[in-house]
Amino acid sequence: MNVKTLVAGNWKMNKTLDESISFIEALSHIPVPQCEVLLAVPFIYLKPLQDIAPKWLTIAAQNISDKEQGAYTGEISAKMLQSISIKSTLIGHSERRQYYGETNAVIKEKLQQAFQNAVMPILCIGETLDERKNNLTEHVIENQLASVLTKADANKSLHIAYEPVWAIGTGETATKEQAEAMHHFIYNWLKENISETFAQQTKILYGGSCNTQNAEELFSMPHIHGGLVGGASLDVDSFKLLIEIGNTITNKNN
Ligand code: 13P
């Protein structure tokens, strides 16, 4: 079962190296959290931040190549991440889908690359505003899952981030009821199409204008196991508060 809340930050394309190092140094002073904590940072900061990060903090990538190795200029493979001891990566973030044309077919390849190289993927899924308005939300989510996961993956591990595209960077958050309904839908899909154990072991994170004001009520919902936080993860004090909220919910659940 998912006992520990996961507070995950996604810095996207922000911060200089010096700013990144100052952030990690400031974060290192807090007591060891009861919740799990992860930060997805730009590729070039992975190694320097991994070297100074406290043990409890997972430094993760934001993307990987769909290819194993070879003549793919500018790409970074899952195997390269493994070689510098990076153990997790986001895959299929809506900004990758929207601005870089990532299809479900490419995302499926990326997931397999992650699985083969022992890099834990956080698969990002979510509907656009148009899709929600047209009552296509469940259809879109089901399609995003069914295109990339099969029963053959039942012995693999991943996290899922449900990030409604209309809530990302807009200040508009899904209500806790809206988010819970979709998380429950995702849980049921995993249970029916992969396995019950798989569904129980998969953390489903909420993302989309998640911040210190709304995290507690979101993370308290039964099928919401934490958050993938963009803007509110850039400021260290706000990220520390999110970790405190993660601790509170983790303690409540245990
Ligand atoms: P915001 O928290 O800035 O809305 O971003 C969410 C997100 O995309 C995290 O991956």
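Indexing begins at 1, ligand by ligand and atom by atom, following the structure's order. FYI, the numbering just counts along the sequence from 1. This is a predicted model, so every value here is computed, not measured.
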Please set out all donor-acceptor pairs under 3.5 angstrom arising from side-chain atoms of residues 188-195, sequence neighbours excluded.
unit_1: Asn193; atom_1: ND2; unit_2: Trp189; atom_2: O; d: 2.9
unit_1: Ser195; atom_1: OG; unit_2: Phe198; atom_2: N; d: 3.0

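Both Val7 and Val236 belong to a single network of hydrophobic side chains, linked directly or stepwise wherever heavy atoms of I, L, V, M, F, W or Y lie under 4.5 Å apart.
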Between ligand 1 and the protein, which N/O pairs are shorter than 3.5 Å?
unit_1: ligand 1; atom_1: 2 (O); unit_2: Gly230; atom_2: N; d: 2.9
unit_1: ligand 1; atom_1: 3 (O); unit_2: Gly231; atom_2: N; d: 2.8
unit_1: ligand 1; atom_1: 4 (O); unit_2: Gly169; atom_2: N; d: 2.6
unit_1: ligand 1; atom_1: 4 (O); unit_2: Ser209; atom_2: N; d: 2.8
unit_1: ligand 1; atom_1: 5 (O); unit_2: Lys12; atom_2: NZ; d: 3.2
unit_1: ligand 1; atom_1: 8 (O); unit_2: Lys12; atom_2: NZ; d: 2.8
unit_1: ligand 1; atom_1: 8 (O); unit_2: His93; atom_2: NE2; d: 2.8
unit_1: ligand 1; atom_1: 10 (O); unit_2: Asn10; atom_2: ND2; d: 3.0
unit_1: ligand 1; atom_1: 10 (O); unit_2: His93; atom_2: NE2; d: 2.8
unit_1: ligand 1; atom_1: 10 (O); unit_2: Glu163; atom_2: OE1; d: 3.2
unit_1: ligand 1; atom_1: 10 (O); unit_2: Glu163; atom_2: OE2; d: 2.9

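Contacts classified as salt bridge (charged side-chain N to carboxylate O under 4.0 Å, His left out) and involving residues 209-218 (residues at least two apart or in different chains) are given here: Glu216-Lys252.
Leu6 shares a hydrophobic cluster with Leu38, Leu90, Ile122, Leu205, Leu228; the chain of contacts runs through ILVMFWY side chains whose heavy atoms sit under 4.5 Å apart.
Remark: Lys79 does not engage Glu68 in a salt bridge, criterion side-chain N to carboxylate O under 4.0 Å.
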Working for side chain to side chain donor-acceptor pair (under 3.5 Å), residues Glu163 and His93 = CA-CA 8 Å; Glu163 302 200 299; His93 192 279; 3.1 Å; yes
